[in-house]
J.: 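Please see the structure below; I have some questions.
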Amino acid sequence: MLRGIGALGLGAAGMGSVQARPDQANSGSAAESVPTSAQFYSFTQSGLSTAELIYEMEAAGYDYFEPFTISDDSDVDAITDAIDETGVGMSSAHQGLDETLDDPEAVAERYLQYGEPALIEPYIGPDTWSTESSVLDLAHDVNTAADHMADHGLEFGYHNHNHEFQQLDDADETGYDVFAEAVEDHVHLQLDVGWVETGGANPTEYISRYKDKISSIHMKNMEDGGFVEIDEGDVNMKAVANVARAAADVDYLIYEYDRAPQPIESMNIGGEFLGRWNGPRRGRN
């Protein structure tokens with residue numbers, strides 16, 4: 001049985017000459033910014049293709065993108081051409097854990113044509129996060145998937161929602177804490193700060209607590225369980241950016257506003273916000 005949402009398939013066309021992920025060069029210096037990206041689920045209302053959104057991302061000042069609606073029917077040439085022409089690379093992509101365990105070679109081949117994106121399981125339901133043993137079983141599987149992807153120069157990891165931050169039925173810890181302690185150092189934790197806040201936890205505390213394991217942050221703001229713009233809502237995004245930049249080893253800050261009603265306007269708001277509060281821009285590779 002599939003445990004998560006899983007990835008929308010990527011085509012297995014020929015390799016493209018595209019950007020790789022950064023070399024984890026963020027030193028944690030307060031003077032350095034973290035490369036920025038955006039999750040394309042934010043912009044599904046735009047009606048634009050993935051390639052067209054990449055050009056919009058360049059204009060909005062982003063360094064990378066995280067795709068949503070790439071499938072086997074996508075125009076791989078158009079996407080890789082857009083990457084090459086803009087310098088906006090693929091930071092990461094949401095990819096199912098079960099498929100990664102079942103056929104790691106095919107999964108790696110699928111994504112390597114776009115560079116070296118981090119592959120992230122986007123969702124595992126609440127039942128898995130109810131007991132310590134089920135969380136430890138999940139951590140074991142994620143470690144195995146990360147081992148498989150490491151053989152191909154790729155990372156694998158996990159993206160949270162809110163239920164991971166509830167106390168376990170059989171332990172005085174949250175599921176996320178048990179999971180984060182159990183995964184190996186090469187597992188890519190993608191912390192969605194909007195869901196952390198909605199789950200009743202403090203995003204900046206979690207970034208600091210797992211600063212050596214959190215490799216990317218979904219810069220999603222929420223209010224009363226609903227999605228809002230990055231500069232609105234309950235999450236102190238300025239504090240999140242400061243902690244990510246100064247006290248952690250984060251590869252990407254990834255803007256997200258689920259199905260934004262004014263998608264390109266929101267893309268620009270996110271790019272401007274991250275550019276202002278993320279310190280001096282590093283420039284693209």
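Position 1 is the first residue of the sequence, and the numbers go up from there.
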J.: Would you say that more than 12 heavy atoms from the other residues, nucleotides or ligands in this model lie under 6.0 Å from the NE2 of His140, or not?
T.: no
J.: What verdict does the side-chain contact (heavy atoms from CB on, under 4.5 Å) test give for Asn278 and Leu253, after you've listed the backbone C-alpha separation in whole Å, the side-chain angles of each residue and the deciding distance to 0.1 Å?
T.: CA-CA 9 Å; Asn278 187 31; Leu253 296 179; 3.5 Å; yes
J.: What's the shortest heavy-atom distance between Ser46 and Leu53, and which atoms?
T.: OG-CD2, 3.8 Å
J.: Please find the pair of heavy atoms, one from Leu101 and one from Pro104, that lie closest to each other, and give the distance.
T.: O-CD, 3.7 Å
J.: Answer yes or no: is there a side-chain heavy-atom contact under 4.5 Å between Ile54 and Glu85?
T.: no
J.: Distance-only, no hydrogens or angles: does the Thr80 side chain make a donor-acceptor pair with backbone N or O of Val76 under 3.5 Å?
T.: yes
J.: Glu52 side chain to Ser49 main-chain N or O, any donor-acceptor pair under 3.5 Å?
T.: yes
J.: Contact between Asn236 and Thr204 at the side-chain level, heavy atoms closer than 4.5 Å - yes or no?
T.: no
J.: Measuring only between side-chain heavy atoms, which start at C-beta, is His188 closer than 4.5 Å to Ser216?
T.: yes
J.: Once salt bridge (charged side-chain N to carboxylate O under 4.0 Å, His left out) is applied, do any residues pair with Glu265, and if so which ones, sequence neighbours excluded?
T.: none
J.: Taking Asn202's backbone N and O only, do any of them form a donor-acceptor pair with Glu197's side chain (distance below 3.5 Å, no angle check)?
T.: no
J.: How about Ile264 and Leu48: do any of their side-chain heavy atoms sit closer than 4.5 Å?
T.: yes
J.: Suppose the criterion is salt bridge (charged side-chain N to carboxylate O under 4.0 Å, His left out): which pairs have a residue in residues 161-182, not counting sequence neighbours?
T.: Asp177-Arg209
J.: Using the side chain to side chain donor-acceptor pair (under 3.5 Å) criterion, which residues pair with Glu272? Sequence neighbours excluded.
T.: Arg276
J.: May I ask you to check whether Gln95 and Tyr111 show a side-chain donor-acceptor distance below 3.5 Å?
T.: yes
J.: Can you check whether Val34 reaches Asp251 side chain to side chain, under 4.5 Å on heavy atoms?
T.: no
J.: Counting C-beta onward and ignoring hydrogens, is there a side-chain heavy-atom pair between Leu189 and Val187 closer than 4.5 Å?
T.: yes
J.: What are the two closest heavy atoms between Asn160 and Leu191, and how far apart are they?
T.: OD1-CA, 3.3 Å
J.: Could you walk me through whether Tyr64 and Met90 pass the side-chain contact (heavy atoms from CB on, under 4.5 Å) check?
T.: CA-CA 5 Å; Tyr64 292 87; Met90 186 184 291; over 6 Å; no
J.: If Ile, Leu, Val, Met, Phe, Trp and Tyr residues are connected whenever their side-chain heavy atoms lie under 4.5 Å apart, and connections chain through other members, are Leu274 and Val240 in the same group?
T.: yes
J.: Going by the rule salt bridge (charged side-chain N to carboxylate O under 4.0 Å, His left out), which residues pair with Asp258 if we only count those two or more places apart in sequence or in a different chain?
T.: Lys220
J.: For the CG atom of Leu119 and the CZ atom of Arg110, what is their distance to the nearest 0.5 Å?
T.: 9.5 Å
J.: Taking only residues two or more places apart in sequence or in another chain, which ones pass side-chain contact (heavy atoms from CB on, under 4.5 Å) with Gln45?
T.: Arg259, Pro263
J.: What pair of heavy atoms forms the shortest contact from Glu132 to Ala171, and how long is it?
T.: OE1-CB, 4.3 Å
J.: With a 3.5 Å distance limit and no angle check, can you tell me whether Gln39 reaches the backbone of Tyr41 through a side-chain donor-acceptor pair?
T.: yes
J.: For residues 221-231, tabulate all N or O donor-acceptor pairs below 3.5 Å that involve a side-chain atom, not counting sequence neighbours.
T.:
unit_1: Asn221; atom_1: OD1; unit_2: Asp234; atom_2: N; d: 3.3
unit_1: Asn221; atom_1: OD1; unit_2: Val235; atom_2: N; d: 2.9
unit_1: Asn221; atom_1: ND2; unit_2: Ile230; atom_2: O; d: 3.0
unit_1: Asn221; atom_1: ND2; unit_2: Glu232; atom_2: O; d: 2.2
unit_1: Asn221; atom_1: ND2; unit_2: Val235; atom_2: O; d: 3.2
unit_1: Glu229; atom_1: OE1; unit_2: Tyr255; atom_2: OH; d: 3.3
unit_1: Glu229; atom_1: OE1; unit_2: Ser266; atom_2: OG; d: 2.8
unit_1: Glu229; atom_1: OE2; unit_2: Tyr255; atom_2: OH; d: 2.5

J.: Would you name the heavy atoms of Pro117 and Ala93 that are closest together and state the gap between them?
T.: CB-N, 4.4 Å
J.: When rounded to the nearest 0.5 angstrom, what is the spacing between CD1 in Ile217 and CD1 in Ile207?
T.: 3.5 Å
J.: Using the rule that Ile, Leu, Val, Met, Phe, Trp and Tyr join whenever any side-chain heavy atoms are under 4.5 Å apart, tell me whether Phe273 and Met57 fall into a single cluster.
T.: yes
J.: Would you say the side chain of Leu138 lies within less than 4.5 Å of the side chain of Trp129, judging by non-hydrogen atoms?
T.: yes
J.: Using ring-ring contact (aromatic ring centres under 6.0 Å, His included) as the criterion, list what pairs up with Phe165, not counting sequence neighbours.
T.: Tyr176, Tyr206
J.: Just checking, any donor-acceptor pair under 3.5 angstrom between side chains of Glu66 and Ser92?
T.: yes
J.: With ring centroids as reference points, do Phe68 and Phe40 lie under 6.0 angstrom apart?
T.: no
J.: Please round to the nearest 0.5 Å and tell me the distance separating atom CG of Asp127 and atom OG of Ser134.
T.: 8.5 Å
J.: Run the side-chain contact (heavy atoms from CB on, under 4.5 Å) test against Ser133 and tell me which residues pass, sequence neighbours left out.
T.: Thr131
J.: Go through it in stages, so that I can follow the logic: the residues are Met237 and Val193, the test is side-chain contact (heavy atoms from CB on, under 4.5 Å), and I'd like the CA-CA distance, side-chain angles, deciding distance and then a yes or no.
T.: CA-CA 9 Å; Met237 286 296 194; Val193 296; 3.7 Å; yes
J.: Nearest 0.5 Å please: distance from the OH atom of Tyr158 over to the NZ atom of Lys213.
T.: 15.5 Å
J.: How would you list, by chain and number, every residue that makes a side-chain contact (heavy atoms from CB on, under 4.5 Å) with Ala106, sequence neighbours excluded?
T.: Asp103
J.: Quick check against the 3.5 Å criterion: does Asp63 have a side-chain atom that pairs as donor or acceptor with the backbone of Thr36?
T.: yes
J.: What residues form a side chain to side chain donor-acceptor pair (under 3.5 Å) with Ser208, not counting sequence neighbours?
T.: none
J.: What closest approach, in Å, do Ala60 and Met267 show between heavy atoms, and which atom pair accounts for it?
T.: CB-CG, 4.0 Å
J.: Between atom OH of Tyr62 and atom CG of Asn268, what is the distance when rounded to the nearest 0.5 Å?
T.: 7.5 Å
J.: Taking the six-membered ring where the residue is Trp, are the ring centres of Tyr123 and His163 under 6.0 Å apart?
T.: yes
J.: Show your working on side-chain contact (heavy atoms from CB on, under 4.5 Å) between Thr174 and Phe179 and close with a plain yes or no.
T.: CA-CA 9 Å; Thr174 70; Phe179 179 77; over 6 Å; no
J.: Look at the side chain of Asn143 and the backbone N and O of Glu184, then say whether any donor-acceptor pair between them is shorter than 3.5 Å.
T.: yes
J.: What residues, two or more places apart in sequence or in another chain, satisfy ring-ring contact (aromatic ring centres under 6.0 Å, His included) together with Phe156?
T.: none
J.: Are side-chain heavy atoms of Ser215 and Gln190 found at a separation under 4.5 Å?
T.: no
J.: With sequence neighbours left out, write down each residue that passes side chain to side chain donor-acceptor pair (under 3.5 Å) with Ser130, or none if nothing qualifies.
T.: none
J.: Quick check: does any side chain N or O of Glu256 sit under 3.5 Å from a backbone N or O of Met219, one acting as donor and the other as acceptor?
T.: no
J.: Does one side chain, of His148 or Glu105, offer a donor that lies under 3.5 Å from an acceptor on the other?
T.: no
J.: Report the distance from atom NE2 of His159 to atom NE2 of His94, rounding to the nearest 0.5 Å.
T.: 5.0 Å
